[in-house]
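The shown structure was predicted, so the numbers you read here are calculated from the model rather than taken from an experiment. In what follows, every chain begins at residue 1, and chains take the letters A, B, ... in the order their sequences are listed.
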2 protein chains.
Amino acid sequence: MSKKVKTLVDPTTEEKIKEAARKLFTQKGFAAVKTRDIASEAGINLALLNYYFRSKEKLFEIIMVENLQQFLQGLSLISNEENKSFDDLIEKFAGSYTTWLTKNPDIFFFILSEIKNDLARLDMKLDSLIPERSGMRKKIQEMMKTEKMTDQDIFHLMSNMIGLIIAPFILKHLLQGISDGSEKQFNERLEERKKLIPLWLKAMKGVK
Amino acid sequence: MSKKVKTLVDPTTEEKIKEAARKLFTQKGFAAVKTRDIASEAGINLALLNYYFRSKEKLFEIIMVENLQQFLQGLSLISNEENKSFDDLIEKFAGSYTTWLTKNPDIFFFILSEIKNDLARLDMKLDSLIPERSGMRKKIQEMMKTEKMTDQDIFHLMSNMIGLIIAPFILKHLLQGISDGSEKQFNERLEERKKLIPLWLKAMKGVK
DNA sequence: GTCTATATTCTGATAGAC
DNA sequence: GTCTATCAGAATATAGAC
């Protein structure tokens, strides 16, 4: 209890370094960040970074894994909820992943650009990072039978769902140039999409 | 003519360096690439890089601008074709941008991850890079009137169209894990999507 | 634990021979 | 134009005082 309070009020040096590293690595990637930037951002001495985390690589790996966990958490949370209809699953997914992306756009782009460099190394770790991973696979296979979906259907449905969810974040600057460009309006549009995406996906269902 | 042939058969040193730089910068970004990597990839000496391109920054800027032009070329080509219906425009766009992405996935991810670092510097150059840029704006505004679309409609339509097009490329590894994972099948699915996306967008039109 | 000073390696760029 | 050798500065990491 006291530790929690202390953490909120007065972060330890280790925490300060980690938060600075998280911010910079997530925004700019491994190669573009210098250890001096991290030390400066954390308001500590350069030597302390190595004292606490041994090396830039070790520190980066911690941040990368945590970012990946963050990113995958939403997926597994949703897939673990039981007894849902397929449509309900899609509705939940569109809502919660849009919300997550609103809060963590940087992590999303980090995953997109940085993970591929370490994909081989990471793929082995994925199962330990997400114990629910095989559960997700099963869930999808179950649904393929229940809904009588083919591989082809799954490919297009997943592409469509994810595509519709992430597009506004990828196009943000471009889209803000079209309308009034305010953050408030952008977020309103996202709220609209949370409700529209499930409806859209239903409407697309009949198309062949 | 003789120059063109010579270029194909026996690239000059300058060309070799530029191609090596294009490959590495596009795949890994500015900071992650070392000048020695480029020299090695090009099969030439490190000093020649500076001899031909003065500095790593200058070389990168050339590649960045060319990548950006490549990326935007498709957009302006389509927007410049005259006398098309709105539906026709969408159909053309889905087809040609999917084709482009198939050929240039690296450039797409490069734009996504690298451009934001230089956005301010680039924004000023954009108009000179794409003379058709203001033409595109007009095209959109025309269509808003003709089709009686609001800002809101445009926001969602653009998000939906782009989202449906790019999703398979972003999800490629994940999606290949679901089905047989062959490149051939992935490309077949892309061909399906070229035809389906316009139909899907029509089906979504009625949803409110 | 934290700091200053320094060692070590890496990296971009150049000088000068050919 | 091309190469080898080398410089100057940056960047990571450590030694050692406090």
Partners passing side-chain contact (heavy atoms from CB on, under 4.5 Å) against Lys18(A) (at least two apart in sequence or in another chain): Arg22(A), Phe53(A), Ile62(A), Ile63(A), Glu66(A)

Among residues at least two apart in sequence or on other chains, which ones pass side-chain contact (heavy atoms from CB on, under 4.5 Å) with Ala32(A)? Lys28(A), Ala31(B)

Which residues share a side-chain contact (heavy atoms from CB on, under 4.5 Å) with Ala94(A), sequence neighbours left out: Ile165(A), Ile197(A), Pro198(A)

Would you mind listing every salt bridge (charged side-chain N to carboxylate O under 4.0 Å, His left out) that reaches into residues 152-176 of chain B, with sequence neighbours excluded? Lys172(B)-Glu183(B)

Does Thr102(B) have any side-chain contact (heavy atoms from CB on, under 4.5 Å) partners at least two apart in sequence or in another chain, and if so, which? Thr98(B), Phe169(B), Asn187(B), Leu190(B)

Can you give me the first and the last nucleotide of DNA chain C (5' to 3') that has an atom within less than 4.0 angstrom of a non-hydrogen atom in chain A? dG1(C) to dT4(C)

ring-ring contact (aromatic ring centres under 6.0 Å, His included) against Phe108(A), all qualifying residues, sequence neighbours excluded: none

Do Gln70(A) and Trp100(A) have side-chain atoms, one donor and one acceptor, less than 3.5 Å apart? yes

Within residues 43-57 of chain B, residues whose heavy atoms come under 4.0 Å of DNA chain D: Asn45(B), Ala47(B), Leu48(B), Tyr51(B), Tyr52(B)

With nearest nucleotide decided by heavy atoms, which residue, Thr13(B) or Arg36(B), maps closer to the 5′ end of DNA chain D? Thr13(B)

Value in whole Å for how far the P atom of dA11(D) lies from CG of Leu24(A): 14 Å

Determine which pairs satisfy salt bridge (charged side-chain N to carboxylate O under 4.0 Å, His left out) with at least one residue from residues 96-109 of chain B, sequence neighbours left out, and list them in order. none

